[in-house]
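Here the structure is a predicted model, which is why all the values come from computation and not from measurement. Quick note on labels: first sequence line is chain A, next is B, and so on, each numbered from 1. Below, all heavy atoms of this structure are taken into account, side chains as well, without hydrogens, waters or symmetry copies.
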Number of protein chains: 2
Amino acid sequence: MGLAGHEVLAAVLQVRAGSLQVMLWERAREPHARRWSLPGGGLGDHEDVEASIRRQLAEKVDVRQLTHVEQLAVFSAPGRVPGPRVVATAFLGLVPSDTDPVVPSDTAWHPVDALPATAFDHEAICRRARHRLASKLSYTNLGFALAPPEFTISALRKLYSAALGYQVSATNLQRVLSRRGLLEPTGAVAPVGPSGGRPAALFRFASREMRVTDPFAVLRPPSSRSLGT
Amino acid sequence: MGLAGHEVLAAVLQVRAGSLQVMLWERAREPHARRWSLPGGGLGDHEDVEASIRRQLAEKVDVRQLTHVEQLAVFSAPGRVPGPRVVATAFLGLVPSDTDPVVPSDTAWHPVDALPATAFDHEAICRRARHRLASKLSYTNLGFALAPPEFTISALRKLYSAALGYQVSATNLQRVLSRRGLLEPTGAVAPVGPSGGRPAALFRFASREMRVTDPFAVLRPPSSRSLGT
DNA sequence: TCAAAAGTGTTATTGATACACCCATGT
DNA sequence: ACATGGGTGTATCAATAACACTTTTGA
């Protein structure tokens, strides 16, 4: 059984100021000093990889602000970091847009499509995280992890547009999510803006656990209609 | 950086005799003697996890018969195997149905919905592999990895039905795959069976590289039509 | 009364399922 | 001829994109 260093890394994503951003810290020491790096670190002996990444992120960001964590992939190229071989398990983490975690002074948020110079293979991990997020927004209820507990439809539209990288229609977004039973009105309305206009109704996600909502894109099992009676 | 044993494991799936089966070997020694286990082993110092699983599978099955290999997930619970901690990177492997790999005497194929007593967390890995395969058959061209180079529509129907676990219609399967440009006729026809009937036309997959064919189930980007002119 | 923002109704389109029908070949 | 599958045409259904229209409020 090969012995190898094992680290866990997370691309923590949040929609900030209208764009999808990732949390990075600036390396002070070699290797790759002054380059930006994903948070993470070594795997402890008595924790699994998910517990480990949650523990390590707790040093950067309040755990309660992490609304979703999932494995992305293993990165294991022998030369991915200088020196002895280190295998990395990469994660995607999500933080809702209404929080502004207090981060250490070496840590900052960067728009995912304008990354600074990054360390090691961390840019590839960011790309993977972005892609996973965009995919899951389409076929799961993962939007809850980016959104505050309550939000207006136009706020939600901005979140989805930023995360997907293209504009989505508020009208159709509401209808798709409502038909699937993901969205429910709270009954309250948001305060109105400086320039008037109708106050927006507030909504929440019906569930804050990730659930697949579109399991069979095609090749669905036979409908119950043709089986019944 | 935590040091940990690292192993790679693969659930190699094939449609055999009309059912989806997984390759397992029977453990001779403790721990978990007489239980069935996924092929794999330790990660070497100079290979990444994918090279490693391909190398280790080569001992069980001719590499050229492996039409697809992809990462599933990391399994890392501290107690997943007795003794010192071992982290496992699990893979899905696929073998086309027209091959019958020569396997060692301790190794055999088992239908995935009637598994024998399995070792460690290997049953969970098999479940994960099954689920991944079924999902990807719906939104990628992954069928090529289960199918022979040429096949009739009804043979393909049997493959998809076995892998998905429910009957699919030959008519609609052909149309869905053709519309997406995945399937192309070879021009040849298959030899006719003992009881007559029209000879079936032969088809092949246009590409034998995995490609996503249904990238946006919903929340598609705006169509080119509304952007043009 | 007007402007701004929110939300609804309606149509068109796309892509899938279900199913009837026609075709080609061996016996 | 006819039985045995293979393949095609077509009706129907479901979900979504596009867009015009109505509603609600503040200035």
Of A/I153, A/T213, A/L156, which meets side chain to side chain contact (heavy atoms under 4.5 Å, CB included) against A/L177? A/L156
By a strict heavy-atom criterion of less than 4.0 Å, which residues belonging to residues 144-169 of chain A are in contact with DNA chain C? A/I153, A/S154
I want to verify a distance call: between C/dA16, D/dT25, D/dC19, whose nearest atom is closest to the B/V176 side chain? C/dA16
On the nucleotide D/dG6, are OP1 or OP2 found under 4.0 Å from the side-chain N or O atoms that B/Q174 carries? no
Could you check how far CG of A/D214 sits from P of D/dA14, rounded to whole Å? 16 Å
Regarding A/L173, tell me which of base, sugar-phosphate or nothing describes its non-hydrogen contacts under 4.0 Å with the strands shown. nothing
Are B/R130 and B/D113 ion-paired here, with the side-chain N under 4.0 Å from a carboxylate O? yes
Counting heavy atoms not belonging to A/R35, are there more than 12 under 6.0 Å from its CZ? yes
Just how far, in rounded Å, is C1' of D/dA14 from CZ of A/R180? 12 Å
Taking all non-hydrogen atoms of both residues, which atom of A/D106 and which atom of A/W36 are closest, and how far apart? O-CZ3, 3.8 Å
Can you find a pair of side-chain heavy atoms, one from B/T107 and one from B/V61, that are under 4.5 Å apart? no
5' precedence on DNA chain C between A/R175 and B/R175 (nearest-nucleotide basis): A/R175
Quick one: CD on A/E184 to OG on A/S207, what's the gap to the nearest 0.5 Å? 9.5 Å
Send over the distance from A/R179 CZ to D/dT16 C1', rounded to a whole Å. 7 Å
Please tabulate, for the side chains in residues 94-104 of chain A, all donor-acceptor contacts under 3.5 angstrom to protein atoms that are two or more places apart in sequence or on a different chain.
unit_1, atom_1, unit_2, atom_2, d
A/T99, OG1, A/P96, O, 3.0
A/D100, OD1, A/R16, NH1, 3.2
A/D100, OD1, A/R16, NH2, 3.0

Sugar-phosphate only, base, or nothing, as touched by A/R220 at under 4.0 Å among non-hydrogen atoms: sugar-phosphate
Neighbours of DNA chain C within residues 200-207 of chain A, by heavy-atom distance under 4.0 Å: A/A200, A/A201
According to the interplanar angle, ranging from 0 to 90°, do the rings of B/F205 and B/F151 count as parallel (below 30°), tilted (30 to 60°) or perpendicular (above 60°)? tilted
